[in-house]
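Read through the structure below, which is laid out as structure tokens, and then see the notes.
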Amino acid sequence: MAALTLASARELLTTEEAYVHDLEVLCALKATILTRKACDLSTADAIFANVDTLRGINSELLHALKGEEAPPDGARPAELDRISTAFLTLAPFLRAYAVFCTKAINAQERLMSLRASHASLDHACAEVEQATGLPLGSTLIKPVQRLCKYPLLLSAMLKDAPEHESLHLATEAILGVVNDVNERVREAEEREALLVLAEALGHRELITPQRSLLLSVGAAKCCEVHGSGVSVIESELQRLHRLDADKLVVRRHRASLWLCSDLLLMGRPKGASYSLLEQSSVHHTTVETLDESCAVLLSCESGNSYLLQLLPDDARTLTDALESTRRRDARRNKTVAREAADFDHCGVGDELAKSVALQHLDDGFEETRRESEASGHKSWTMRLRLRMSSAARELSAGSFGRRKRVATNSREEEGIEEVAATRMKSRRCSDIDDPEQNVAELLPLGSKAVISAPPPPEEEPPLAGGGEARPLPVRAQSSSASASALMMRAKMSAHNLRMMSTRSLDLRASARESVASGRNADGVSSTRESPRESSRVQEEEFPTHRHVLRDLIRTAEASGDEFHEDLLLALRRRAALC
Amino acid sequence: MAYAGSFDHLFKVLLIGDAGVGKSSLLLRFTDDSFEEHMASTIGVDFKVKTVVVGGKTAKLTIWDTAGQERFRTLTSSYYRGCHGIILVFDVNERETFNHLQQWLEELDMYATVQNAAKLLVGNKIDLQQREVTVEEATAFARKQAMMYVEVSAKTRAGVRQAFEEVVQKILDTPDLLAAASGETSSGIGLAKQEGDTGLCSYC
């Protein structure tokens with residue numbers, strides 16, 4: 001191994017070695033538990049998640065950091081180049097940590113209760129604890145900690161070499177990945193919270209793919225306002241202040257408010273669960289703080305009003321959160337409407353298109369993020385939909401580019417794992433330049449689609465259907481160094497879309513891609529087909545279309561993710577139409 | 001605990017507080033002269049292990065440091081799980097770090113899974129002589145929150161050992177925590193919070 005000249009680089013390497021060893025310990029334990037049949041596979045997965053994948057990724061990272069093949073002169077630039085290249089290459093794969101971190105939320109408790117009931121499992125765990133000298137819970141949390149440390153380690157190195165450009169890039173890339181994993185774990189938590197709430201309320205229909213629970217607020221006192229007008233509210237307010245909170249807690253006036261991404265729910269405790277009092281769209285709900293004791297007037301969609309006594313912080317929090325949720329939901333609806341209109345325009349304005357559009361990212365994402373940062377408010381105020389990496393977002397400038405991505409979203413971790421596995425195998429092979437792998441790196445979130453997509457149902461290149469659009473790849477190819485990457489994106493998006501449905505979509509997507517790439521503005525208008533023409537093309541391709549839909553349905557079913565239920569439904573409906 | 005060792009108890013202790021208040025140096029100062037899991041460093045520390053003897057009992061501490069990772073809030077919240085003791089650190093020379101303590105306490109309420117974890121307030125960097133928070137003020141705040149207050153200097157060593165021993169003593173004095181340390185942690189997600197006495201809380 002080349003001698004590392006920077007202390008910060010040495011630290012990175014030493015700690016990485018120790019960490020990979022920890023991962024190996026965890027993998028070995030998982031294997032032991034499974035071979036001894038101490039618990040079943042799904043239980044082991046719930047605790048150890050994809051620790052094997054992480055080991056693969058981090059062994060690769062360690063290998064790249066060590067750079068054993070490099071000449072052993074250990075010059076400073078070479079060392080930092082190697083480190084930044086290692087991180088830039090492997091950053092997309094580190095997204096696989098989202099799986100582990102999501103499960104880590106409950107892994108420790110789960111393990112605790114399992115050990116109490118499974119003697120053989122407890123024995124295997126105790127052996128590891130003996131060997132490491134640490135409680136297993138601490139070893140299990142190490143991957144979460146390690147991920148959070150990479151940005152720190154790289155920043156420390158940047159202090160030593162502030163001019164190193166690719167180290168800057170690597171630091172940014174890692175920061176993006178960790179932020180992304182953080183957001184995705186939060187979304188998972190919010191979805192789980194909604195699930196728990198819906199169960200507690202006994203209203204399972206509250207669970208939809210787009211909805212999550214953002215905030216819960218309890219009210220010590222609550223009374224319904226009968227009638228309207230200032231005098232009514234004033235007298236009700238006096239009544240509220242006279243209410244004795246202690247007595248009311250055990251009677252019927254206590255209430256809880258839950259703010260979801262599009263709804264405000266109000267319930268009151270009923271035994272161990274809750275009963276639902278109100279369900280009101282965020283757009284038809286107002287919360288107004290009436291006095292300094294934080295009595296708030298809540299007006300619901302149903303026309304009912306309530307006076308609630310909240311804590312000062314909660315009142316402010318609720319008002320702010322309602323406002324930002326309303327704005328965000330409005331933005332999302334606008335996007336959906338616009339995209340639905342888009343779909344209609346090109347002749348496929350059906351349920352599939354709309355349901356897919358529903359799941360799109362907010363167009364106002366960047367704006368929301370800025371607001372959130374500017375307000376400096378506690379992190380929950382903005383539940384940003386950071387489902388995609390910034391790289392993928394950049395690529396998705398054309399709305400059609402998003403469609404396939406949404407469909408593959410739940411598969412992305414597996415996709416990454418698959419690519420990771422492929423990379424492990426081909427590490428020393430010269431075929432590392434395989435274009436598919438390049439695409440996978442450019443577009444980690446779509447990697448599954450690239451790697452495992454069935455061969456295109458037809459042989460012609462994606463743009464051959466519309467003669468006018470044909471020059472695109474040629475132009476892209478010849479324009480600059482990054483042109484080949486752009487073309488790859490265009491090709492991939494076109495390929496995905498062909499799987500999805502008709503050629504008219506392909507053409508429009510390609511047009512969008514090219515608009516996004518900003519490289520052939522002159523080719524745009526010519527690629528537009530009239531709706532009549534596109535429907536003709538659609539008819540010709542029905543067999544393929546049906547075949548593709550079947551594949552998609554199978555994929556969505558196999559993913560088993562409730563997130564895709566809407567999509568699945570729409571796909572089935574679409575298949576029935578064919 | 002399920003595995004043998006030359007200690008009576010195994011406790012998990014977490015250091016929290018604003019960035020720059022000296023959590024890492026406090027930790028290193030405390031553990032430095034004992035054995036180390038990893039090489040000495042300010043970033044690479046996952047956690048340190050240190051065995052202390054308090055009141056005739058040997059307690060093995062795993063002390064966790066969240067330094068610099070605060071921005072990834074969802075991820076770091078998992079560190080709070082199963083924590084027996086929490087050392088809340090602020091810088092006596094930086095008023096702002098004292099003002100943020102309330103937020104840290106809320107965070108604790110939200111994520112800590114062990115009920116009544118032993119809490120200790122630590123004012124660090126008393127060697128600097130640019131004090132913005134008085135002993136009286138910090139003590140009053142700590143008392144309101146049912147915490148002990150200790151002033152330390154990681155630089156001069158003053159009070160560091162006492163601070164950690166204080167936490168251990170408090171854990172030892174709390175039967176619930178000892179039960180938790182032997183594996184009986186309670187867990188709950190999402191809505192458990194609303195079932196408290198007041199019903200006043202927020203989910204983040």
Side-chain angles (χ1 to χ4, degrees), chain A residues 8 11-12 14-15 18 101 104-106 108-109 112 115-116 122 125-127 129-130 133-135 137-138 141-142 144-149 152-153 156 178-179 181-183 185-186 189 192-193 196-197 200 213-220 249 254 256 269 310-311 313-314 317 378-380, chain B residues 1-5 10-12 35 37-47 49 60 62 64-79 81-82 102-103 106-107 111 113 181 183-204:
Chain A
S8 47
E11 179 181 344
L12 170 69
T14 332
T15 50
C101 295
I105 302 172
N106 295 313
Q108 290 185 54
E109 280 90 352
M112 211 68 111
R115 287 179 68 167
D122 186 52
C125 294
E127 281 172 9
E129 289 179 328
Q130 198 108 52
L134 286 175
S138 303
I141 207 78
K142 282 195 173 181
V144 183
Q145 282 196 308
R146 187 66 187 165
L147 184 71
C148 293
K149 289 249 162 77
L152 299 175
L153 288 161
V178 184
N179 272 325
V181 169
N182 189 53
E183 290 301 322
V185 172
R186 181 158 70 197
E189 283 181 356
E192 188 164 340
V196 174
L197 173 65
L213 177 58
L214 308 182
L215 175 73
S216 300
V217 174
V249 167
R254 198 176 137 197
S256 289
L310 304 181
L311 284 183
D313 277 355
D314 286 346
T317 299
K378 281 172 81 179
S379 50
W380 54 259
Chain B
M1 287 305 292
Y3 58 103
L10 182 92
F11 298 137
K12 177 175 168 183
F35 82 98
E37 288 288 296
H38 306 292
M39 60 181 289
S41 111
T42 52
I43 309 162
V45 180
D46 297 329
F47 44 81
V49 178
K60 184 171 175 175
T62 52
W64 296 54
D65 179 9
T66 62
Q69 302 165 41
E70 290 81 6
R71 59 187 299 179
F72 312 118
R73 201 150 278 212
T74 311
L75 294 176
T76 49
S77 69
S78 54
Y79 301 171
R81 306 219 154 207
Q102 190 60 46
Q103 265 162 272
E106 281 166 21
E107 192 106 336
Y111 297 119
T113 55
E184 293 155 28
T185 50
S186 61
S187 71
I189 51 159
L191 299 178
K193 290 283 178 186
Q194 276 112 54
E195 284 143 26
D197 294 335
T198 60
L200 295 165
C201 79
S202 52
Y203 179 90
C204 294

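Each chain gets a letter, A, B and so on, in the order its sequence line appears, and its residues count up from 1.
Using a 4.5 Å cut-off between heavy atoms, B:Thr62 touches chain A through its side chain atoms alone. With a 4.5 angstrom heavy-atom cutoff, A:Leu12 does not touch chain B via any of its atoms.
Ranking A:Ser138, A:Cys101, A:Gly137, A:Ala116 against chain B, the residue ahead of the rest is A:Ser138, based on heavy-atom pairs under 4.5 Å.
Interatomic distance, CG of A:Leu134 versus NZ of B:Lys12, reported as 11.5 Å (0.5 Å rounding). The line from CG of B:Leu75 to CZ of A:Arg186 is 10.0 Å long, rounded to the nearest 0.5 Å.
Heavy-atom minimum distance, B:Arg71 versus A:Asn182: O-ND2, 4.1 Å. Nearest approach of A:Asn179 to B:Phe72, heavy atoms of both residues: OD1-CE2, 3.4 Å.
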